[in-house]
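What follows is a single structure, written as structure tokens, with notes after it.
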Amino acid sequence: MTAGTMERTFSASALKAIKDEVSSQAPQQEMITSELLDAWASIPLEVRSALISSELSTSKPTSSLSRVSTATTAFSTTSGSSVNSSNSVVSSRNSSSSKDDDEDDPLGVFYEECPKTGAKVTMRPLERAPNNVFTFEKTRPVSTVTTTTRTKTVSTARGWRNVFNLPISYDVTMVPHGTILDPSNLQLLEATGVHAKGYNRRFAVIDAEVDAIYGDKIRAYFQEKGIDLATCVLNGGEAEKRTKAVDEILDQLCAYKLRRREPFLAIGGGVILDIAGMAACLYRRGVPFVRVPTTLLAIVDASVGVKNGVDYCCAITDEAYKNRVGSFYAPSSCLLDSSFIATQDARNIANGMGEILKLGLVRSSDLFDLLESHGKALIESRFDPNPSTPAGVSDRIIDLSIQIMLEELGPNLWETKLDRCVDYGHTFSKLLEMVPGADIMHGEAVNVDGFFCVVLSHLRGYITMDTVNRIFACMKTLSLPTNSEDLKSELAWQSCKDAVEHRHGAQRIPLITEIGESVCVSDITPDELDRALEVMATFPH
């Protein structure tokens, strides 16, 4: 049975359980399982509402259905205390006494049972916010043992539960090649929002290198429309990815006096998009911002998800930590124009290929085949049309990469699930990038990490040496490094320990089982790492 079939089956079962709740005349009903509630929660809210409305129109409505359907919709889509995270079981109580109580309470009563503590939870919605705020009472038996007796008491707690479904929706738009700064193309202007007549100013954070090449065109685009563009120009190197850069943006936003619902632009590579996103999250506790990535790496990686942040230097440990401070904060929109790639040098384009190749290894053999056949030519032509690459290949590679990333990130934006194939290449690379004085870019470090994991997969018997050699040859064709003098036994094992911390108690290291398929493992040992390093040393890096 496929994952899609299972989801449809569970969704149908969840709906059937609710329908049975309507028609059941038995004094004792079955409780809806957490598995069914999780499946029900996976259905978009508007679809759930339509299904419930359909059942209500064909079944006799009762207060019991109202309670179950509302509870399922409200609680299964929230974090923290939701059924998704706590696997609670929601049911309605059908004893005669509870029915009498419910008749006295027109807003209904919800019931949960916590599988961890066994606590019985009774929740009642507040009249002024019936879909969001509930009073609760938690009751559970507690055993007390003394030297001579065992007694049972009842522990009761009361309080309020706040439930709110945060709406997340943003478009990742492919702009026609080379037109984003064309005054006749209104996409960039429209992304900055609708404002009152006479409000003729905008704000943009721009990478210094981008400003040197495109700054005049960016300003001319807005000037042609009678708009003054205030800019905050920052260096976009990894060394500048610190809280100081965020403070600089915040200072400029304060001076500009950005309005609460006014989007600002972030134009640059991944570092600029990350620090601008963090500033947007912090300023007035959240303002909209628009991502305009200008590097291949940013187009397929940083622009797609909702993560942002900075590297952090700890005053206590005197160590630097990559992306240790940040948040999950979605942009209002993303505008992608691949023509920016033409002004990147070969190393930076290959750097972006490191992230694309990662996706091919763990998710798409088709993407890997495209890189294997055409990657070298695309780097040399800077993704412009060239005689050795069929028309449409460059767009296909970028489109596939973005789609795969969105497929993996979209259902798991807040990373509630920590077994993530897109973490491939991001276990050992973090420490490689943070080695003082290391001359290694992000995509390069990801690729070194990725080849190390390829060797680990081979040592475990997941892939053959022929597959290892094929992947190695592809990496070299893309001008990507496959080893680092800093990748030693101590750093490798420390990376595994850091992974346990970051991924909540388990390594969860993705390894490929074939090109395009992967599995997360949590039992890699120091001896295994040392054997992999020995095998790595035999390759002509």
Side-chain angles (χ1 to χ4, degrees), residues 46 164-208 210-234 236 245-269 272-294 298-299 302-304 306 308 327 329-340:
E46 61 272 16
F164 186 81
N165 302 326
L166 185 64
I168 299 295
S169 176
Y170 59 96
D171 289 348
V172 180
T173 302
M174 294 300 302
V175 176
H177 187 84
T179 68
I180 193 167
L181 299 179
D182 185 333
S184 65
N185 185 343
L186 299 180
Q187 287 176 284
L188 186 61
L189 176 64
E190 291 170 347
T192 61
V194 178
H195 301 278
K197 186 177 181 180
Y199 190 80
N200 298 321
R201 62 180 196 145
R202 300 292 189 273
F203 184 90
V205 179
I206 307 177
D207 186 300
V210 174
D211 190 60
I213 301 172
Y214 297 100
D216 290 343
K217 289 189 69 174
I218 294 172
R219 290 171 179 82
Y221 175 91
F222 287 99
Q223 287 171 0
E224 198 270 345
K225 294 167 173 52
I227 293 173
D228 294 327
L229 183 68
T231 60
C232 174
V233 179
L234 298 174
V246 178
D247 288 341
E248 175 65 21
I249 298 175
L250 295 175
D251 285 345
Q252 296 279 4
L253 289 173
C254 288
Y256 173 85
K257 300 187 185 304
L258 187 82
R259 294 182 176 182
R260 187 73 175 271
R261 299 291 181 260
E262 178 183 355
F264 72 85
L265 296 169
I267 307 174
I272 291 298
L273 301 188
D274 276 358
I275 61 178
M278 186 169 176
C281 178
L282 294 172
Y283 190 75
R284 296 189 184 277
R285 298 184 179 88
V287 294
F289 77 109
V290 179
R291 287 176 176 153
V292 183
T294 58
I299 287 172
S303 68
V304 176
V306 299
N308 58 75
S327 66
Y329 189 72
S332 54
S333 64
C334 306
L335 299 177
L336 314 183
D337 187 338
S338 60
S339 69
F340 284 117

Given I218 and L265, is the side chain to side chain contact (heavy atoms under 4.5 Å, CB included) satisfied, shown in steps? CA-CA 11 Å; I218 294 172; L265 296 169; 6.0 Å; no

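- Residue pairs satisfying the salt bridge (charged side-chain N to carboxylate O under 4.0 Å, His left out) criterion with at least one member in residues 212-231, sequence neighbours excluded, are listed as follows: D211-R219.
- When each of L181, I180, V292, T294 is tested with D337 by the rule side-chain contact (heavy atoms from CB on, under 4.5 Å), just one qualifies, namely I180.
- Separation of atoms CE (M174) and CG (L336) is listed at 5.5 Å; rounding is to 0.5 Å.
- Side-chain rings of Y256 and F264 stay apart, their centers remaining 6.0 Å or farther from each other.
- Rounding to the nearest 0.5 Å places CZ of F203 at 7.5 Å from OG1 of T231.
- The side chain to side chain donor-acceptor pair (under 3.5 Å) test with Y199 singles out one residue from K197, H195, R201, and that residue is R201.
- Smallest separation of non-hydrogen atoms from G269 and D207: N-OD2, 4.0 Å.
- The side chain to side chain donor-acceptor pair (under 3.5 Å) pairs that include a residue from residues 167-183 are H177-S338, T179-N185, D182-S184, where partners are two or more places apart or lie in different chains.
- Between S332 and P263, the shortest heavy-atom contact is OG-CB, 4.2 Å.
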Report all side-chain donor-acceptor pairs from residues 273-290 shorter than 3.5 Å, counting only partners two or more places apart or in another chain.
{"residue": "D274", "atom": "OD2", "partner": "K241", "partner atom": "NZ", "Å": "2.8"}
{"residue": "Y283", "atom": "OH", "partner": "L253", "partner atom": "O", "Å": "3.3"}
{"residue": "R284", "atom": "NE", "partner": "L258", "partner atom": "O", "Å": "3.4"}

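- Of all heavy-atom pairs between I299 and S303, the closest is O-OG, 2.9 Å.
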Could you please spell out the steps behind the side chain to side chain contact (heavy atoms under 4.5 Å, CB included) verdict for I267 and I272? CA-CA 7 Å; I267 307 174; I272 291 298; over 6 Å; no

Worked verdict on F222 versus L188 for side chain to side chain contact (heavy atoms under 4.5 Å, CB included): CA-CA 9 Å; F222 287 99; L188 186 61; 4.1 Å; yes

Verdict with supporting geometry, Y221 and L189, side chain to side chain contact (heavy atoms under 4.5 Å, CB included): CA-CA 9 Å; Y221 175 91; L189 176 64; 3.7 Å; yes

